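Below is one structure, written out as structure tokens; comments come after it.
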Amino acid sequence: MKKILLALAIGTASLVGLSSCTKEYVTNYLPGVSYYEPLASGDWTRNERNNFTAVIPVPELDQQYYEDGEVSVAIQFEDQKGTFHNIPSEGINGHGYNASYKIGEVILYAVDLDNLNQAPKAMRVKIVLTDAEIGN
């Protein structure tokens, strides 16, 4: 009889203890969005002998993304599918890359590090806009 009462007491205590747990669900209500833009070698503008610029229009890059969001850029060469290179990066196929942005566009910069005297090869540009809350 004592064993039955002891088992009943332990079972009741376990049931009460486990039922008081609360579950919390975290949902990402500030998602990001990716855009892919092809960029041919002829899309680059030569600024100086070894410097090139390409402007990519991104109408979704609005005031809110500019002020509080995150903009990241990566490139993938057409002959190297399967590998994206985060920007900034140096020494990829003889060029160094950097990017900047303003409302409505992303600007890519390439520097000819190996004096190839040519614009970068054809690539895909991956632009990710991530929303964020104002922290200040």
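Please read all numbers here as calculations on a predicted model, not as lab measurements. Computed from heavy atoms alone, side chains included, the values below leave out hydrogens, waters and symmetry copies. The residues of the chain are indexed from 1 along the displayed sequence.
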About how many Å separate [atom2] of [Y] and [atom1] of [X], when rounded to the nearest 0.5 Å?
X: Leu113; Y: His95; atom1: CG; atom2: NE2; value: 7.5 Å
X: Ile75; Y: Leu39; atom1: CD1; atom2: CG; value: 9.0 Å
X: Tyr36; Y: Gln76; atom1: OH; atom2: CD; value: 8.5 Å
X: Glu48; Y: Thr53; atom1: CD; atom2: OG1; value: 9.0 Å
X: Tyr109; Y: Trp44; atom1: OH; atom2: CH2; value: 10.5 Å
X: Thr45; Y: Ile107; atom1: OG1; atom2: CD1; value: 12.0 Å

Contact summary for [X] and [Y], nearest pair of heavy atoms:
X: Asn47; Y: Phe52; value: ND2-C, 4.0 Å
X: Ser41; Y: Ala119; value: O-CB, 3.5 Å
X: Val106; Y: Leu61; value: CG2-CD1, 4.0 Å
X: Gly94; Y: Asp114; value: CA-OD2, 3.2 Å
X: Lys126; Y: Phe84; value: CB-CE2, 3.6 Å
X: Ile87; Y: Ala74; value: CG1-CA, 4.2 Å

With hydrophobic residues grouped by side-chain heavy-atom distances under 4.5 Å, do [X] and [Y] end up in a single group?
X: Val111; Y: Ile56; value: no
X: Tyr65; Y: Val55; value: no
X: Val125; Y: Val33; value: yes

Do any N or O atoms from the side chain of Asp62 and from the backbone of Gln64 form a donor-acceptor pair under 3.5 angstrom?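 Present.
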
Judged by modelled atom types alone, do Asn117 and Asp112 share a side-chain donor-acceptor pair under 3.5 Å?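 No.
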
Determine, step by step, whether Val71 and Val58 satisfy the side chain to side chain contact (heavy atoms under 4.5 Å, CB included) criterion, reporting the C-alpha distance in whole Å, the side-chain angles of both residues, the deciding distance to 0.1 Å, and the verdict. CA-CA 11 Å; Val71 179; Val58 184; over 6 Å; no

Are there more than 12 heavy atoms of other residues, nucleotides or ligands under 6.0 Å from atom CD of Glu90?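 It does not: Glu90 CD has 12 such atoms or fewer within range.
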
Parallel, tilted or perpendicular: ring planes of Tyr101 versus Tyr66, cut at 30 and 60 degrees: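 Correct class here is perpendicular.
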
Does the pair Val73 and Tyr97 meet the rule for a side chain to side chain contact (heavy atoms under 4.5 Å, CB included), with working shown? CA-CA 10 Å; Val73 181; Tyr97 297 92; over 6 Å; no

